[in-house]
Amino acid sequence: MKSAFAVALQQLNDIVPFLEKDYPDKKKFKKAISLLKKPQNIISKKLTIRLDNGKKKGFMAFRSQHNDARGPFKGGIRFHPNVSEDEIKALSMWMTWKCAVVGLPYGGAKGGVIVDPKKLSKTELERLSKAYAEFISPHIGPWVDVPAPDVNTNEQIMAWMLDAYEKKLGQLSPAAFTGKPIALGGSLGRTEATGRGGVYVLQSYVKEKGLKPGKMTVAIQGFGNVGFWFAKLAQEAGFKVVAISDSSGGIYAVKGLNLNKIAKAKGRYGSFAEAAKKEKFKFISNEDLLSLNVDILVPAALEGAIDNKNAKSIKAKVIIEMANGPVTPEAEKTLLKKGVVVLPDILCNAGGVAVSYFEWVQNLHGYQWTEKKVNSELKKKMNLAYKEMSEVIREKKVSFHQAAYLLAVKRVFDALIFRERV
Ligand code: NAD
């Protein structure tokens with residue numbers, strides 16, 4: 001399997017032939033491409049913290065700042081045993097494209113620590129979070145780099161990090177982090193924003209193709225923040241959600257799922273496998289879920305969930321990439337040949353960073369928007385980005401993925417050229 005950064009480079013290389021024609025100055029074009037192939041800065045450090053038993057332990061930590069031509073770097077911090085410099089570099093590049101495709105005035109960044117947070121106590125987690133914030137503090141700030149939560153980090157961790165950062169700075173600076181608790185300047189609507197943004201993309205697609213939501217069935221892999229909210233809001237929008245899974249497997253109901261009942265059972269029994277046994281839900285494997293005969297398949301859990309091995313068995317007509325990189329580039333080629341539409345992650349899951357941007361805007365103004373205002377601004381951003389992507393498809397005869405990349409990379413290119421960085 002290719003490394004995440006190798007995939008990110010391949011995606012960039014794939015659109016070079018389409019972009020080249022728009023830039024007559026070949027020298028500048030080549031310089032810009034080579035500049036975008038690596039992050040502007042990468043910092044790393046072994047963070048040593050005191051454990052509750054008095055011993056010390058070191059954890060490797062990274063922050064990759066890919067490109068800030070369009071605005072301050074922006075991107076989450078993940079705590080996971082599989083974090084690597086390669087992965088953080090790839091994720092930071094994807095953040096640059098994601099922010100550009102939805103027109104946010106940001107560049108891309110990502111941070112991470114190699115740690116299994118489940119093995120730390122709350123106080124150890126607090127010490128690690130604060131150590132991370134102190135490590136990156138000279139390199140961040142509202143107009144430099146604005147971190148946020150990612151896998152295994154949450155609003156409490158952002159609160160600890162903000163506090164440690166502000167202590168170092170000697171003043172309050174709420175716009176330095178997003179994904180904060182409401183009490184510390186977080187935005188209303190942030191929790192459901194990624195799922196909501198994905199549903200807006202789906203609605204734009206359905207409207208463009210003249211389809212009817214009520215007749216369309218949906219299967220979702222993942223029951224975390226993204227999967228749950230996508231499912232709930234898709235149902236509210238009239239789609240029929242027939243299957244959803246967690247890491248233990250999926251629950252299927254041909255007439256549509258009762259999500260509240262499933263969420264309650266998951267809370268009570270821990271996993272869908274157990275919940276299905278106790279509550280007599282119809283249980284299917286994750287592989288079965290991916291190959292269900294549904295209209296829309298939503299991978300909302302893992303990177304690389306749809307690969308060359310299972311792509312052939314997919315029967316859905318549309319895939320909404322809600323996780324980061326859930327369809328490998330090879331699998332996408334197989335799917336496109338079969339006529340399956342793949343709506344790209346850099347657009348579909350950009351709702352989270354869009355509302356992070358609204359949080360930053362609110363903090364800079366010292367003002368709080370209503371949830372209604374947040375959702376309506378999100379809808380405007382997502383719908384406009386979809387429309388712009390569609391125009392590129394019509395003009396250049398490319399796939400959805402290529403169109404989103406073309407749109408994003410072109411925006412970053414233009415900023416680089418105006419800044420005379422190439
Ligand atoms: P989460 O940790 O809340 O949930 C992940 C879900 O995936 C859990 O239900 C887990 O059981 C399930 N899962 C894990 N392994 C699985 C497997 N093998 N098969 C099926 N399900 C499995 O994470 P999240 O915040 O919902 O993020 C999901 C994805 O979306 C990640 O790729 C993340 O990077 C991406 N993403 C999240 C956000 C956000 O705002 N949370 C924004 C952009 C992208």
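When a ligand or atom number is given, it counts from 1 through the structure's own listing order. Because the structure is predicted, anything quoted here is derived from the model rather than measured.
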Is it the case that the ring center of Y106 lies less than 6.0 angstrom away from the ring center of F73?
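Centroid distance F73-Y106: not below 6.0 Å, so no.
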
Under 6.0 Å between ring centres: does that hold for W360 and H365?
no

Are any side-chain N or O atoms of N225 and backbone N or O atoms of T191, one a donor and one an acceptor, separated by less than 3.5 Å?
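At least one qualifying donor-acceptor pair exists.
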
Can you classify the ring geometry of Y405 versus H401 as parallel (below 30°), tilted (30 to 60°) or perpendicular (above 60°)?
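Plane angle between 30° and 60°, so tilted.
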
If you take the nearest heavy atom of each of [options], which one is closest to [atom]?
| atom | options | result |
| --- | --- | --- |
| atom 28 (C) of ligand 1 | G249, A300, P149, S247 | A300 |
| atom 37 (C) of ligand 1 | D246, I220, V226 | V226 |
| atom 6 (C) of ligand 1 | G224, G198, S248, P299 | G224 |

I'd like to know if [X] contacts ligand 1, where contact means a heavy-atom distance under 4.0 Å to any ligand atom.
| X | answer |
| --- | --- |
| M95 | no |
| G352 | no |
| E303 | no |

Closest non-hydrogen atom pair between L188 and W369, with its separation:
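That closest heavy-atom pairing would be CD1-O, 3.5 Å.
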
Establish whether atom 13 (N) of ligand 1 and some protein heavy atom are separated by less than 4.0 angstrom.
yes

Does the protein place any heavy atom closer than 4.0 Å to atom 21 (N) of ligand 1?
yes

Decide if atom NZ of K396 counts as having more than 12 heavy atoms of other residues, nucleotides or ligands within a radius under 6.0 Å.
yes

Does H80 approach ligand 1 within less than 4.0 angstrom via side chain, backbone, both or neither, non-hydrogen atoms only?
neither

Please work out, at 4.0 Å between heavy atoms, whether the side chain, the backbone, both, or neither of L302 comes within that distance of ligand 1.
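Under 4.0 Å from ligand 1, L302 contributes side-chain atoms alone.
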
Quick check on contacts: which atoms of ligand 1 are under 4.0 angstrom from a heavy atom of T194?
38 (C), 39 (C), 40 (O), 42 (C), 43 (C)

